Structure formats: structure tokens, C-alpha cells
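First comes the structure, then the notes that go with it.
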Amino acid sequence: MALHLFNTLSRSLEPFRPASPEKVGVYACGPTIYDHAHVGNFRSFVFYDLVHRYLEWRGYPVRFVMNLTDVDDKTIRAAREEGRTIQEHTSPFAESILADADALGILRADGYPRATEFVEEMIELVQRLLDRSHAYRTEDGSVYFDITSFPGYGKLSRKKLDEVRQGERVAADEYEKDDVRDFALWKAAKPEDREVGAVWEAPWGEGRPGWHLECSAMSLSEVGETVDIHLGGEDLIFPHHEDEIAQSEGATGKPFVRYWLHVKHLRFADEKMSKSLGNTVTVRELLDDGVDPAALRHQLLSAHYRSELAFGSDGLEASTRAVQRLVDFRDRLRDAEVDAQAPPLELDVRARETLEEFRRAMDDDLNAPAAMGALFRFVGEGNTLLDRGNDRLPPQEAKAGLELLSSLDRVLGVVELADGSRSVDASTRDWVEERIQERERARRERDFQRADAIRDELAQQGIVLEDSPKGTRWKRVSGGQPVG
RNA sequence: GGCGCCGUGGCCAAGUGGUAAGGCAGAGGACUGCAAAUCCUCGAUCCCCGGUUCGAAUCCGGGCGGCGCCUCCA
């Protein structure tokens, strides 16, 4: 079976066929960088990363781009409040968001274009739309897209034009449009735009780009006229993506996007997490509170992207333990005794089966929860087999098992993250070893009170001991209590 | 009002026609000095009511409940 994706455009599962085998172009709608990103945003970004990683795992050459919106109503308002230019205001947030992305093990994109870097391209795009009579200028120097000039308008969101409620938009809009449903390509400069440096020169007057123009311009120049996959949150379907299609196809006459994928919202305290509802939690806050980044990543992958994900501390707690189970199993397998004479456990057979199950799940519209189900089934059965074999197995089986784990983790990215936050420096290592030896002496003398005191002391530092007939093993675990 | 989604064991969550993956939590047991890790055992008539079918969590109709979009939003 080949990879299948649910295309919002057709509302159905379609086999994935990129326009060209040479390069798969992916454009992801990124954040507006006027504030720190919250967990809901990162549900999307982690999903984008899953797409990125899975396409590469599947062997596609990928060009993956995510934009950063650094000029719009919100950035302008926020910059004014701080008395800064939009540039000054947004730059730190771009850094903060990329830092959070790193913390969650998100692969770097091939590019993070910012709207303000593509104003020239946007102006050209507007000009093309004017030339092709898809747009018109108004007296104040703004430019609007004429949606009646684009017959396909509404095809993504499945809205009928005459059903769009018009009253509120008229009241809310202070510009002069021919038709209230038209949207701005270029907004004539206002004093508050000038204050924060959000003004550019254009043939039809000074102003700034409209709401949706940046994605079209950057997508066209950074990925190409036809993008294979365009990613975004479900809230962007209308009007953002609908307008992008109109602009882009209006300008190029070519299909803009082959596959539209939209992520459902994160639910937090029974409603969607969003800034306007004021129920957001930032990634930064969670990490500062000691949440294991690997657990957060695991949690964000634990529901299918087209389902709502109920976010909360119970889930984070469950994910923390689930991640530890993966790490423990990997360590157990890595430390197992390999011996060509060992009786076969057939772990390699299970590894092959698991790989197939994993691929089948991911091929089915990137079903990460089902894919992780296959992984955990392997862990459970693997533990049983190792128990049976007394942690001794043939080398090729150990190798097959470890390779499977690392292969699946190239997609999931959970174990590598967990390893990162569990690393221990040399001096701590020495200290731990020393304390363990001391505890061993106490145990030999059957001074269990003292032995337990040492164990507790280590536990306070996040070091957990596991006694076994082969000696005492130790590991670092993630500490801290999730909030929410 | 228009469009759409969802309702699976205590929590989270796969499965969408052949009688219920997985994670977490819980109970009992094995192992352990005690733990930890691990293993074994235990738990769901899949919101309700009808219908289609040899057979439905899965399809259809109705109901109840929750959520999203229609406006900035991942």
C-alpha cells in the first residue's frame, strides 16, 4: 500500500502522488510571531514535523518550508503597545518559537521565510492579479481581490458565496470594497502602520500586504507554483486558505496545492485552546515546570491529527510513563547479552512484523497513534521474550530489535528527545557510581536502612536504581510535575 | 441561522461491516531484603432508540450530549 492522505479539498483519502519525483514540496502555515507559541500551535508544528519526517523516512526528497508571519494586525498592535517597530517586536518571538521547536525535537525546515522579506514578491503578485482583472484598486490606495472573478472560490471550505453572512463584515470593515466578501491584497498605509515601520512603497501607494498574500507569495517563490502538500490548522481553511487559492491560482492559472492537510484543534479544559479564549499554555511554561519534552511530544502525537486532542496533566503524566517504557526497553535490549549460541527468541521476526504494521498505520493518513500502538505491542512482546531468554539472545536479533526502534524513532522522534533530557555529565556519573557502591556495601552488611537512604538520596536527584541478579543498574528519569 | 466533526473500559486513544490495538491508572500474583523495572492474570454488550444485514462500535434514520468553522486564530 502506498501513502494515502486525507485531502481537505476532496474530503477524501487519496493516494499520495507528488507532482514530481524529484522533489516533494511542502508548505506549512506557521505562526504569527507576536507572542510565544502555545501548546495548541505546537500540536500543529509537531504534526508538520511528523509529515516532514515520514516523507523522508519513506524516501521522498523533501523541500519543507514554514513561514513566520511578522506583519499583520496583531503584530502591529503588539508592537505599538511596546513602542517598537514590528521588526524589533517580532524577532525575539521568532527565536523563542524556534527554540521551542528545537526543544520538542522538531526538524529544522529548509526555510523559515518571513512576510517582511517577501514584500517585493507580494507586490509583483498583486500586480499580476490586477493585470488579470482579479483585483481592483480603491481610492484610498488599497487593492482588493474580486472573488466573483474566481469561479473556484469556496471550493476548499465548501462555502456558497451567497451564504456568507455579510452584515457583520460590513460593520467591521472600514475600507471601501466593491463587495463586502472581497478580501484585501494591499492595505493603504494608516498612521499606526507608519509608527511601527509596517509600510512599504507600492505602485498604487504606500501600504502593507493583506492578510493572506504572504503565504501565496512565499509558497510560490520558496516551493513553486504548485505545492504538493500545504499544511495548516483547521481554522485556516476559511478564509485564509480559500483566499490563498484564489490569489495563487488567479495569478498563475495553475493548481496551487495538490494535497491540503488540516490539523484539528487541541482541546483544553473542554474548549479549543486559543489566545482569544485566553486558555493557552505555552510550551515554555510547561518545560519550565519540568514537563519532559519527550512526553509533551508523545502526547501531541497520541491522537490522530484529524481528531481533537484533549490536553491536560493526566495525559502528560501518562505520556511521561509511556516514554520511559520505551527508553527502558531500548536500554534493556541494548544491554542484553548477545550470544550466537543463545536460543532464538524470534525478536527479529517480530521486528519485521512491527515495521510493516507501523508503515501501514502511517501510510493510512499518518495515523501516528496506531503506529505507536504497533511499537508498544513490540515493546510488550519484546519484554516477554527477553524475560523468557533471561536477557540473552542471538546478536542478529538484538540488532534487528535495536534497528527497528531507531528506525521508528526517526519518524516519532520521541526516544531521541528523551535521551537528550536524560543525559548525565561525567561528574554526576561518578558520584552516582560511588553512591551505588556505598549502597552495595550497606546491602552486603544487611544494613537496609542505610541502603534505602542512599537510594532515596539518589531518587531526589532523578536517579532511579534497579537491582538485579546481575548487579544494580541506574537511570536518570525526567522529574517535575505537569501543570494543567 | 448555514456548514462540519465527534460521543469506544476510571482517564487518554486506535479500530469504521465479521463479534473490541495501545498508553496511563486500578486489583491480584511472580520476582525483590524492600523497592524499581519486567512478566502473568483480571475489567468495555463501543451515548440511546429504531432499521438494513447471516453478521454493526463500524452502514441508514431519529433522539440526546459535546465541539469546531462561518470574524484574528495552528
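Chain letters run A, B, ... following the sequence lines, proteins first and then strands; every chain starts at 1. Keep in mind that what you see is a predicted model, and the values were worked out from it rather than measured.
Distance, A:D467 CG to B:U32 C1': 8 Å, rounded to whole Å. Atom CD of A:E440 and atom C1' of B:U32 are 13 Å apart (whole Å). Going from atom CZ of A:R43 over to atom C1' of B:C67 covers 13 Å, rounded to whole Å. The CG atom of A:L309 sits 10 Å away from the C1' atom of B:A13 (whole-angstrom rounding).
Dashed line: the shortest gap from a side-chain N or O of A:S274 to OP1 or OP2 of B:A74 is not under 4.0 Å. Checking the phosphate oxygens (OP1, OP2) of B:C6, no side-chain nitrogen or oxygen of A:S307 falls inside 4.0 Å. Taking side-chain N and O atoms only, A:N367 has no distance below 4.0 Å to OP1 or OP2 of B:A14. Between A:R450 and B:C34 there is no side-chain N or O to OP1 or OP2 distance below 4.0 Å. Listed pair A:R443 / B:C34 fails the phosphate criterion, with no side-chain N or O lying under 4.0 Å from OP1 or OP2. Applying the 4.0 Å criterion to OP1 and OP2 of B:A25, one finds that A:R321 has a side-chain N or O inside that range. The side chain of A:R473 places no N or O atom within less than 4.0 Å of a non-bridging phosphate oxygen (OP1 or OP2) of B:A37.
A:L375 comes within 4.0 angstrom of nothing in the nucleic acid, heavy atoms only. Heavy atoms of A:E308 sit under 4.0 angstrom from primed sugar atoms or phosphate atoms, though from no base atom. At a threshold of 4.0 angstrom between heavy atoms, the contacts of A:K275 with the nucleic acid are absent. Among the atoms of the strands shown, none is found under 4.0 Å from any heavy atom of A:H298. Nucleic acid contact class of A:V263 (heavy atoms, under 4.0 Å, all strands): none. At a threshold of 4.0 angstrom between heavy atoms, the contacts of A:L236 are confined to the sugar-phosphate backbone, with no base atom among them. Among the atoms of the strands shown, base atoms are found under 4.0 Å from some heavy atom of A:G40. The residue A:S157 sits apart from the nucleic acid: no heavy atom pair falls under 4.0 Å. Nucleic acid contact class of A:N41 (heavy atoms, under 4.0 Å, all strands): base. No contact: A:F47 has no heavy atom under 4.0 Å from any strand. Within 4.0 Å of A:R306, counting heavy atoms only, lies no atom of the nucleic acid at all.
Cation-pi check for A:K159 over A:F238 is met; the charged atom lies under 6.0 angstrom from the ring centroid and within 45 degrees of its normal. No cation-pi contact links A:R443 to A:F448, judged by a cut-off of 6.0 Å to the six-membered ring centre and 45° from its axis.
With centroids closer than 5.5 Å and planes inclined by less than 30 degrees as the test, A:F448 and the base of B:G33 pass as a stacked pair.
Summary of the strand contacts: A:A451 and A:A310 both lie near RNA chain B, and taking for each the nucleotide with the nearest heavy atom, the more 5' one is attributed to A:A310.
A side-chain donor-acceptor contact under 3.5 Å links A:W57 and A:S407.
If you run side chain to side chain contact (heavy atoms under 4.5 Å, CB included) between A:H241 and each of A:D235, A:L9, A:V257, A:L236, only A:L236 comes through.
Across all strands shown, B:G1 forms a Watson-Crick or G-U wobble pair with B:C70, both key distances being under 3.5 Å.
Counting distance only, with no hydrogens placed and no angle test, the side-chain atoms of A:K159 and the base atoms of B:C3 include no donor-acceptor pair under 3.5 Å.
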